[in-house]
Amino acid sequence: MIDPTAEVAPTATIGDRSQLWHYVHVREGARIGSDCILGRDVYIDAGVVIGDRCKLQNGVMVYQPAVLEDGVFLGPGVILTNDRIPRAVHPDGALKAAGEWTAQPVTVRHGAAVGAGAVLVAGVTLGPWSLVGAGAVVTRDVPAHGLVVGNPGRLIGHVCRCGARLAGDPSRAKQVCATCGRENGA
């Protein structure tokens, strides 16, 4: 289902059963997988790749060349950036052209989730099943199952696939999720 207010470039690919709600904008060459949900006012830049069964809440902005693997969740207002040294003009004041900078990707691995209003800075990778808390600004890679909060984002623990926080130090002992019973969140 693609809402009539959505703007989808003719060269973009939308997978089966994906839903694009009001005012979604999908640019040239972007690929959206199957069974995805893109909420109101989501922006997907040119060439972005989004896997299957992803859910992007209202107001999410994903800039090229980002890659979201299968099962990723992005909460309302999440932004994936692509430029660590942004400038509109050169030192002499001349306007920069589109090709005068290098876009850096943000990669979000399988099953990772990002809370509302978080910002992922260009060049970072979120590991599989990691969790970023609401409002965090992620400036470094996050390990698999890592739990990151704050500005700048800092690793404060680990989470299970089910999303529950794991107790203890995962590098020193076996952890069993108190919510679902998985060992070490796997």
Side-chain angles (χ1 to χ4, degrees), residues 25 27 30 36 38-51 54-91 96 98 100-173 175 177-179 182 184-186:
H25 187 175
R27 301 256 333 262
C36 292
L38 279 62
R40 181 184 175 105
D41 295 316
V42 168
Y43 174 78
I44 306 299
D45 202 2
V48 165
V49 176
I50 297 176
C54 292
K55 186 172 186 179
L56 284 62
Q57 297 280 18
N58 297 350
V60 166
M61 292 183 273
V62 181
Y63 291 96
Q64 59 92 9
V67 175
L68 281 64
E69 293 182 352
D70 296 344
V72 167
F73 173 85
L74 301 180
V78 168
I79 301 171
L80 279 61
T81 71
N82 64 1
D83 190 355
R84 282 196 179 255
I85 310 171
R87 289 283 189 252
V89 296
H90 293 283
K96 279 190 164 188
E100 295 183 308
W101 63 287
T102 302
Q104 293 181 290
V106 169
T107 303
V108 184
R109 300 281 183 213
H110 183 88
V114 181
V119 176
L120 307 182
V121 175
V124 302
T125 297
L126 301 187
W129 301 105
S130 59
L131 177 61
V132 173
V137 178
V138 181
T139 60
R140 294 185 294 236
D141 291 348
V142 177
H145 298 275
L147 173 59
V148 171
V149 299
N151 181 3
R154 64 191 183 287
L155 184 68
I156 64 164
H158 292 82
V159 294
C160 179
R161 282 181 185 232
C162 74
R165 190 168 180 180
L166 297 172
D169 181 354
S171 66
R172 300 206 308 183
Q175 295 176 295
C177 178
T179 302
R182 283 185 179 86
N184 296 328

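When reading the values below, keep in mind they use all heavy atoms of this one structure, side chains included, and skip hydrogens, waters and symmetry mates. Numbers here are sequence positions counted from 1. Please read these numbers as outputs of a predicted model, since none were measured by experiment.
- Atom-to-atom distance recorded for Thr107:OG1 and Leu126:CG is 8.5 Å, nearest 0.5 angstrom.
- Val121 pairs with exactly one of Val137, Asn82, Asp83, Val138 by the side chain to side chain contact (heavy atoms under 4.5 Å, CB included) rule, that one being Val137.
- Taking both residues in full, the closest heavy atoms of Ile79 and Tyr63 are given as CG2-CE1, 4.3 Å, listed atom of the first, atom of the second, then distance.
- In this structure, CZ in Arg140 is found 10.5 Å from CZ in Arg154, a value given to the nearest 0.5 Å.
- Closest of all the heavy-atom pairs between Ala164 and Cys177 is CB-SG, 3.9 Å.
- Here the side chains of Cys36 and Ile50 are in contact, with some heavy-atom distance below 4.5 Å.
- Inter-residue side-chain proximity for Val78 and Val132 is flagged as unmet; no heavy-atom pair is nearer than 4.5 Å.
- Remark: of the listed residues Leu38, Leu74, Asp45, Val106, Leu74 is the sole one forming a side chain to side chain contact (heavy atoms under 4.5 Å, CB included) with Val62.
- In terms of heavy atoms, Val60 sits closest to Gly75 at CG2-O, 3.2 Å.
- Residues Thr125 and Arg109 approach most closely at CG2-NE, 3.9 Å, considering heavy atoms.
- Note that CZ of Arg165 is 4.0 Å distant from CD1 of Ile156, once rounded to the nearest 0.5 Å.
- Between the side chain of His158 and the backbone N or O of Gly146, no donor-acceptor pair lies under 3.5 Å.
- Closest of all the heavy-atom pairs between Val148 and Ala136 is O-CB, 4.4 Å.
- Taken from OG1 in Thr102 to CZ in Arg84, the straight-line distance is 13.5 Å, to the nearest 0.5 Å.
- With values rounded to the nearest 0.5 angstrom, Leu147 atom CG is found 9.5 Å from Ser130 atom OG.
- What you find for Gln57 and Lys55 is that their closest heavy atoms are NE2-CE, 3.7 Å.
- The backbone N or O of Pro76 lies less than 3.5 Å from no partner atom in the side chain of Asn58, so there is not a single donor-acceptor pair.
- The CG atom of Asp41 lies 13.0 Å from the CG atom of Leu56; values are rounded to the nearest 0.5 Å.
- Side-chain contact between Gln64 and Val48 is present, with heavy atoms from C-beta onward closer than 4.5 Å.
- A side-chain donor-acceptor contact under 3.5 Å links His110 to the backbone of Asp70.
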